[in-house]
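Structure first, then comments.
Note that these values count all heavy atoms, side chains included, but never hydrogens, waters or copies made by symmetry.
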Amino acid sequence: MQNVALIIVLAPLVGAIIAGLFPVSRRFAHRVTISAVGLSFFLSLYVFYQIVFGGHEIFNETLYTWLVAGNISLEIGFMIDSLTALMMVVVTFVSWMVHIYTIGYMRDDPGYQRFFSYINLFTFSMLMLVMSNNFVQLFFGWEAVGLVSYLLIGFWYTRETAIYANLKAFLVNRVGDFGFILGIAAVLMTFNSLSYTEVFGLAQAGNYEQTISIFSGTEWSAMTVICILLFIGAMGKSAQFPLHVWLPDSMEGPTPISALIHAATMVTAGIFMVARMSPLFELSETALSFVLVIGAITAFFMGILAIVQNDIKRVVAYSTLSQLGYMTVALGASAYAAGIFHLMTHAFFKALLFLGAGSVIIAMHHEQDMRKMGGLKKYLPITYWTMLIGSLALIGFPGFAGFFSKDAIIEAAHHAYEAERAGAFFAYYAVLLGVFITALYTFRMFFLTFHGKERMDEHTREHLHETPSVVTGPLIALAIPSIFIGMFTISPLLFGHYFDGAIFVEAAHNAFAGHESHSSVAWMIISFIGHGLLQPPFWLALFGFGTAYYFYMIRPDLPGEIVKNIEVPYKILLDKYGFDRFNDWFFAGGARRVGDKFWKMGDIKTIDGLINGTANTIGWFSSVARNVQTGMLYHYAFAMIIGLAVLLGTFVIL
């Protein structure tokens, strides 16, 4: 298992080095990187089979110790259990599809080899994160995916908007990462260890009852402080309110990056981390309520913003924010399995929607404004049907992947509400109403893009055609699990014992306890769908679909009339609740102002003023003294007489 795990991790790193540091051709660059990720995917499938079906014990070993300080060891090691195996398969499969898709999307880009190197490096970093068995390696992977994200968002570095977007992502994530590293420090201070198994064992043994004095005279639960600090890291990485502002602007990067990093994998790192830390979070009701409320705010209010977006990629981006909120609500409701279940299904259908949007953008000659599209169904049939599948999965249409995972989250939120967990009342109704909002913005995007009047210019219309197979192939490959993955995995992931030993849930917090299925899988799926047809989420989704159809197919003039009557709320939504302006003033603007002060005080006043001033003074004195050296003997004799007179006068005075 150790050798297989090493190959899975190192293959993308080798591909990144070859494509990025050696003068290889474009074809060789994509072949070596795609082969590397493909190898990682198939070996991940092998590991998944061994862990889940082969009866292989959980692999948890240290591979390398690179520093020992007292009782603390900083190590590189892997822990591969059912949770890790699932994440490995999701990360490598989506990454593999994106790599293949990139051949067509980035075909004419001068940074072709560099791009493939970056996305291979990202895959390596994400695998290091999910496979870690200690907090140090977790932090390494955490920062590595952040670094590669920064490089990829600003991949087109000649664009001012791209530079602004990657700076914004960098600064906002520094806030989250500051909380994250404080959380790791609190873990070390409390448990004197950075190993997952040791920390979890000590916490479950009762060490969580310790307190921390943050301010003089106050005592805080150590576990609550640790969990909230760790979750602040997740808020940045998984774009939760109010650290969500970086993700929509990250659409400045190429579309394959939107699918790989900002929909399916990197932004789910925070969700994975909280699920991995479930033995800690289960010991703090306060932390769980905090997670629950933050997720609910993100799910509801970020979904509303998607309704007013006209850029097709930004609609999908705000949808990602909202769906990440759903996953976070599941975590706060102690339904970690439901959160990971939705993470998995979402990875497939959201990557599909992003890559489908990229296919539309390619066909439209890189036009992204949906107001300049319409009627694309007859030009892009494969893109149309695959995006329809992705859209139905996103809104949770019965039978599609998103239906099973989203309904499970809503049920978990309802259970937390009945259990009177703080914040659960708001969370339940936020995710419930969010179903209507999701259906509305999803099919607004779909109808504006593929149906109705053709609004593109004549030149674009004449050259419209379906994108190459290297683009549509990954769409078809992602569409298949977007339909079936939910029904095939709901039984073991949600009602079975798949996560036993990987996720810990207190018996009183378990929303699905007592619901284990003892019937056939087919009957359970039919029962789940039948139950879902009678519940509010289905009717809210149907209502959202109907509203979008009426507004954008039957009465396309109506949205404009409504906007005229609600100008103030509409402007607030266009302004994104003012968070971007606050970020520009506080995070980005504040960082720039601090940097400007340091530049003026350090560079101009200290270096230029003091250090360079001293040099200038010496230079001036030398230029004056140089004039004394005339070469005339009587000048030197006169200077000696004057000096002697000064010395004698000083002697007489003293």
Side-chain angles (χ1 to χ4, degrees), residues 101-109 156 159 161-162 248-249 251-259 263 305-319 352-392 394 440-476 479 545 547-563 570 574:
Y101 176 94
T102 299
I103 297 174
Y105 193 89
M106 301 294 288
R107 179 178 56 191
D108 300 321
D109 197 282
W156 288 320
R159 298 182 182 179
T161 51
D249 284 348
M251 298 302 106
E252 290 295 331
T255 296
I257 293 315
S258 302
L305 291 183
I307 299 173
V308 301
Q309 301 300 311
N310 294 312
D311 184 318
I312 187 171
K313 282 177 65 176
R314 284 184 179 265
V315 174
V316 186
Y318 278 104
S319 169
L352 171 60
L353 287 172
F354 263 119
L355 296 185
S359 179
V360 170
I361 292 168
I362 293 171
M364 291 291 297
H365 302 288
H366 294 277
E367 177 59 65
Q368 297 183 197
D369 193 334
M370 296 184 298
R371 293 170 297 184
K372 298 179 181 179
M373 298 179 186
L376 293 180
K377 177 183 177 182
K378 66 180 181 181
Y379 300 104
L380 309 173
I382 299 176
T383 302
Y384 172 83
W385 288 108
T386 52
M387 282 201 74
L388 177 60
I389 290 170
S391 299
L392 291 172
L394 173 59
L440 177 57
Y441 70 66
T442 300
F443 277 93
R444 171 183 177 266
M445 173 189 71
F446 191 77
F447 292 139
L448 284 176
T449 303
F450 293 103
H451 292 277
K453 181 182 177 181
E454 297 180 3
R455 297 178 297 276
M456 70 287 293
D457 59 67
E458 192 61 34
H459 175 75
T460 302
R461 183 184 292 109
E462 290 176 357
H463 294 85
L464 273 174
H465 57 83
E466 185 60 271
T467 47
S469 58
V470 74
V471 173
T472 56
L475 296 182
I476 297 169
F545 170 84
T547 303
Y549 185 81
Y550 183 75
F551 279 0
Y552 298 100
M553 295 295 292
I554 298 176
R555 288 287 308 277
D557 59 307
L558 198 56
E561 294 179 11
I562 294 175
V563 166
Y570 182 67
L574 284 181

- Query: Could you state the interatomic distance from CD1 (I361) to CZ (F354), rounded to the nearest 0.5 Å?
  - Reply: 9.5 Å
- Note on the structure: Heavy-atom nearest pair, T102 first then P256, reads OG1-CB, 3.4 Å
- Do D109 and W156 have side chains that get closer than 4.5 Å, going by heavy atoms? yes
- Distance, nearest 0.5 Å, that separates CZ of F545 from CG of L392: 8.0 Å
- Which atom names give the shortest non-hydrogen contact between A317 and P248, and what distance separates them? CB-CA, 4.2 Å
- Note on the structure: d(T442 OG1, L394 CG) to nearest 0.5 Å is 4.0 Å
- Nearest heavy-atom approach of P254 to M106 is CB-SD, 3.8 Å
- Query: In chain order, what residues pass the side chain to side chain donor-acceptor pair (under 3.5 Å) check against D557, with sequence neighbours excluded?
  - Reply: R555
- Only one of H463, E454, E466, H465 forms a side chain to side chain donor-acceptor pair (under 3.5 Å) with Y379, so which one is it? E454
- Task: Provide the closest heavy-atom pair for T386 versus I382 in the form atom of the first, atom of the second, distance.
- Result: OG1-O, 2.8 Å
- Query: After noting the C-alpha distance and the side-chain angles of M387 and M445, does the key distance pass the side-chain contact (heavy atoms from CB on, under 4.5 Å) rule?
  - Reply: CA-CA 10 Å; M387 282 201 74; M445 173 189 71; 4.1 Å; yes
- State the NZ-CG distance between K453 and L448, to the nearest 0.5 angstrom. 13.5 Å
- Note, M251 side chain near Y318 side chain (heavy atom, < 4.5 Å): no
- Message: Can you confirm whether V315 sits close enough to M370 that some side-chain heavy atom of one is under 4.5 Å from a side-chain heavy atom of the other?
- Response: yes
- Task: With side-chain contact (heavy atoms from CB on, under 4.5 Å) as the test, would you mind laying out the steps for T460 and E367 before giving the verdict?
- Result: CA-CA 10 Å; T460 302; E367 177 59 65; over 6 Å; no
- Task: Write down the atom of T383, the atom of S359, and the distance for their closest heavy-atom approach.
- Result: OG1-OG, 2.8 Å
- Query: Any side-chain heavy-atom pair from F450 and L388 closer than 4.5 angstrom?
  - Reply: no
- At their closest point, which heavy atom of S391 faces which heavy atom of F443, and how far apart are they? CB-CZ, 4.1 Å
- Are I312 and M373 side-chain neighbours, meaning at least one heavy-atom pair lies under 4.5 Å? yes
- Item | Contacts of type side chain to side chain donor-acceptor pair (under 3.5 Å), residue S469, not counting sequence neighbours | none
- For the pair R444 (side chain) and T547 (backbone), establish whether a donor and an acceptor sit closer than 3.5 Å, ignoring hydrogens and angles. no
- Note on the structure: Here the gap from I103 atom CD1 to R107 atom CZ, rounded to the nearest 0.5 Å, amounts to 11.5 Å
- Task: Look up atom CG in L376 and atom CZ in F446, then write down how far apart they are to the nearest 0.5 Å.
- Result: 10.5 Å
- Note on the structure: Residues at least two apart in sequence or cross-chain that pass side chain to side chain donor-acceptor pair (under 3.5 Å) with Q368, listed by chain then number, are D311
- Just by modelled atom types, is the F447 backbone N or O under 3.5 Å from a matching donor or acceptor in the Y549 side chain? no
- Any sub-3.5 Å donor-acceptor pair from Y105's side-chain atoms to G358's backbone N or O? no
- Query: Are any non-hydrogen side-chain atoms of R314 and D249 less than 4.5 angstrom apart?
  - Reply: yes
